[in-house]
Amino acid sequence: MAGPLAGIKVIEMAGLGPCPFAAMMLADMGAQVIRIERKSAPGAATPFPMLGTKYDVLARGRRSLALDLKQPAAQAIALELIVKADVVLEGFRPGVMERLGLGPDACLARNAALVYGRVTGWGQSGPLAQAAGHDINYIALTGMLHAMGRADAPPAPPLNLVGDFGGGGMMLAFGVVCAMLEARGSGKGQVIDAAMTDGAALLGAMMYGLRAQGGWSGGREANLLDGGAHFYDTYACADGKFVSVGAIEPQFYALLRKLAGADDRAFDAQMEPAGWPGLSDKLAALFARRTRDEWCALLEGSDACFAPVLDLDEAPHHPHNAARATFVDVDGVVQPAPAPRFSRTVPELSSPPAWPGQHSAQVLKDWGWDDDAIAALAVQGVI
């Protein structure tokens, strides 16, 4: 394995959303991640059709061990693997791991330096800790969802980027690396409680600062960064495609006006919010005169703070993304490459997603079980 986390051993209790995202990030950086999946009957229904296939991008770079965790022998195997690891990741409701005999107390008692990473929507404590929910619910509680979307419509769901991945999985991965660094000095592990509510709120730190200062109104499409400002928004082109502009600074705004031909003197009042709606209408009419490609020829690569709005099929082929290899093809599946970049310990994708249980026997053998023991576990239906 290559990457800055080479040599780190991680056990991932397979789940959905933020936990596999965090595990993918660690695996992308070179950690050896073993994915423990629940052993299920062949053909069992899954929530999303790509799970367990090469299209499950969040599962890339790991080996898969399938265990029937209803059996005590399987729970014992999971515990043995966890206590031999540097990190365990889990994303179940509070109490699930404890009922399996795999909670923090049981694991840290046998491996004092273990980093035990937990990610949930509401957190391990609080009145909502045991309630079901999804990304949209978690970001709703933080004030972030209310701030997104157009003024004349309900708040717009920003995919599940803010809660699941930014506020959940990425915060968990960050917490894991922080805890591992601390454990190098102290020799002691600890539990990470990564709540998507906490993480999504943290992502909104700047907006809360602006609100306290009086620079952020309570309405949508009324502020500098929410589509309220005419110079920070998206616009439709003559061909029905879209472009984005973000010319906040005066010099960039002036260049946008010059290159786009926005010579109406009304545009001089850039920072007067009362005039933003009317100026947005003027810019919309201006951008509607040309196709997206024509606007790219005029504005792309300049300091006008411009970019075309690309769809999922277009983005991997854009010259900038292609030059940086921002996307890679793994077994015919186009997907984002590991990020960020490192000058020396360069990460690389080690393998496509595994099907559940693909490496069960090999994982156990590599981690200390002999062939006879593995064969017996298979006969018992434990693996």
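Closest approach of Pro18 to Met196, counting heavy atoms only: CG-CE, 3.6 Å. Between Glu90 and Met97, the shortest heavy-atom distance links the atoms CD-CG, 3.5 Å. Leu102 approaches Gln75 most closely through the heavy-atom pair CD2-O, 3.5 Å. A pairwise comparison of heavy atoms in Ile248 and Gln270 identifies O-NE2, 2.8 Å as the closest pair. For His359 against Ala354, the heavy-atom pair with the smallest separation is CE1-CB, 3.5 Å. Here the closest heavy-atom approach between residue Leu100 and residue Leu69 is recorded as CD2-O, 3.7 Å.
With values rounded to the nearest 0.5 angstrom, Asp86 atom CG is found 8.0 Å from Asn111 atom CG. The distance from atom CG of Leu279 to atom CG of Asp233, rounded to the nearest 0.5 Å, is 12.0 Å. With values rounded to the nearest 0.5 angstrom, Ile82 atom CD1 is found 10.0 Å from Leu89 atom CG. Remark: Asp281 CG to Leu286 CG distance equals 12.5 Å, nearest 0.5 Å. The line from OG of Ser125 to CG of Asp193 is 6.0 Å long, rounded to the nearest 0.5 Å. For the atom pair CG of Asn321 and NE2 of His318, the computed distance is 7.0 Å after rounding to the nearest 0.5 Å.
Counting heavy atoms from C-beta outward, Val162 and Met148 have side chains that approach closer than 4.5 Å. Considering only heavy atoms from C-beta on, Pro158 stays 4.5 Å or farther from Met144 through its side chain. Two residues are said to be in side-chain contact when any heavy atoms from C-beta on lie closer than 4.5 Å; Tyr116 and Arg118 meet this criterion. Residues Leu26 and Leu5 have side chains in contact (heavy-atom distance under 4.5 Å, counting atoms from C-beta outward). Within the 4.5 Å cutoff, the side chain of Val334 has no heavy atoms near those of the Leu312 side chain. Taking the side chain as every heavy atom from C-beta outward, Val243 and Phe306 approach each other to under 4.5 Å. Between Met170 and Met25 the shortest side-chain heavy-atom distance falls below 4.5 Å. Side-chain contact between Thr120 and Pro94 is present, with at least one heavy-atom pair separated by less than 4.5 Å.
For Lys241 and Asp311, the salt-bridge test fails: no basic side-chain N is under 4.0 Å from an acidic carboxylate O. The pair Glu182-Lys188 does not meet the salt-bridge criterion, since no charged nitrogen lies less than 4.0 angstrom from a carboxylate oxygen.
Residues Arg63 and Gln362 have side chains that never bring a donor and an acceptor to within less than 3.5 angstrom of each other. In this model, a donor atom of one side chain and an acceptor atom of the other lie less than 3.5 Å apart for His230 and Tyr253. Checking His320 against Glu300 by side-chain atom types alone, no donor-acceptor pair falls below 3.5 Å.
Judged by the 6.0 Å distance and 45° axis criteria, Arg290 is positioned over the aromatic ring of Trp295.
Between the side chain of Arg257 and the backbone N or O of Ala262, at least one donor-acceptor pair lies under 3.5 Å. Side chain of Asp135 to main chain of Asp164: a donor-acceptor pair is present (N/O by atom type, distance under 3.5 Å, no hydrogens or angles). Side chain of Asp303 to main chain of Phe252: no donor-acceptor pair is present (N/O by atom type, distance under 3.5 Å, no hydrogens or angles). Side chain of Arg93 to main chain of Gln130: a donor-acceptor pair is present (N/O by atom type, distance under 3.5 Å, no hydrogens or angles). For the pair Asp68 (side chain) and Lys39 (backbone), a donor-acceptor distance under 3.5 Å is absent. For the pair Asp264 (side chain) and Phe267 (backbone), a donor-acceptor distance under 3.5 Å is absent. A donor-acceptor contact shorter than 3.5 Å is absent between the side chain of Asp28 and the backbone of Pro347. The backbone N or O of Lys84 sits nowhere less than 3.5 Å from a side-chain atom of Arg110 that would complete a donor-acceptor pair. When atom types are taken as modelled, the side chain of Arg289 and the backbone of Ala238 share no donor-acceptor pair closer than 3.5 angstrom. Side chain of Arg60 to main chain of Leu58: no donor-acceptor pair is present (N/O by atom type, distance under 3.5 Å, no hydrogens or angles).
Val115 and Phe92 fall into different hydrophobic clusters, defined by Ile, Leu, Val, Met, Phe, Trp and Tyr side-chain heavy atoms under 4.5 Å apart, directly or through other members. The cluster map of Ile, Leu, Val, Met, Phe, Trp and Tyr, joined by side-chain heavy atoms under 4.5 Å apart, puts Phe174 and Val88 in different clusters. Val245 is connected to Met271 through a chain of hydrophobic side-chain contacts under 4.5 Å among Ile, Leu, Val, Met, Phe, Trp and Tyr, so both are in one cluster. There is a path of hydrophobic side-chain contacts, each under 4.5 Å, that joins Val10 to Ile192. By the criterion of side-chain heavy atoms lying less than 4.5 angstrom apart, applied directly or through intervening Ile, Leu, Val, Met, Phe, Trp or Tyr residues, Met24 is not grouped with Ile34; the two fall into different hydrophobic clusters.
For Arg184, the CZ atom sits in a loose shell: 12 or fewer heavy atoms of surrounding residues, nucleotides or ligands are nearer than 6.0 Å. For Tyr235, the OH atom is densely surrounded, since the number of other residues' heavy atoms within 6.0 Å is greater than 12. Taking a 6.0 Å sphere around OH of Tyr55, one finds it holds 12 or fewer heavy atoms contributed by other residues, nucleotides or ligands. Counting non-hydrogen atoms of neighbouring residues, nucleotides and ligands closer than 6.0 angstrom, the NZ atom of Lys54 exceeds 12 such neighbours.
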### Message
For Met207 and Leu225: C-alpha separation, side-chain torsions, deciding distance, then whether side chain to side chain contact (heavy atoms under 4.5 Å, CB included) applies.
### Response
CA-CA 9 Å; Met207 283 68 191; Leu225 302 175; 4.0 Å; yes

### Task
Show your working on side chain to side chain contact (heavy atoms under 4.5 Å, CB included) between Leu114 and Val83 and close with a plain yes or no.
CA-CA 7 Å; Leu114 179 71; Val83 299; 6.0 Å; no

### side chain to side chain contact (heavy atoms under 4.5 Å, CB included) between Trp216 and Asp226, worked out
CA-CA 10 Å; Trp216 193 273; Asp226 66 356; 4.2 Å; yes

### Task
Apply side chain to side chain contact (heavy atoms under 4.5 Å, CB included) to Leu128 and Leu141, showing your working.
CA-CA 11 Å; Leu128 297 175; Leu141 206 69; 3.9 Å; yes

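Results of the side chain to side chain contact (heavy atoms under 4.5 Å, CB included) test with Ile374 over Val379, Ile383, Val363, Val382 single out Ile383 as the only residue that passes.
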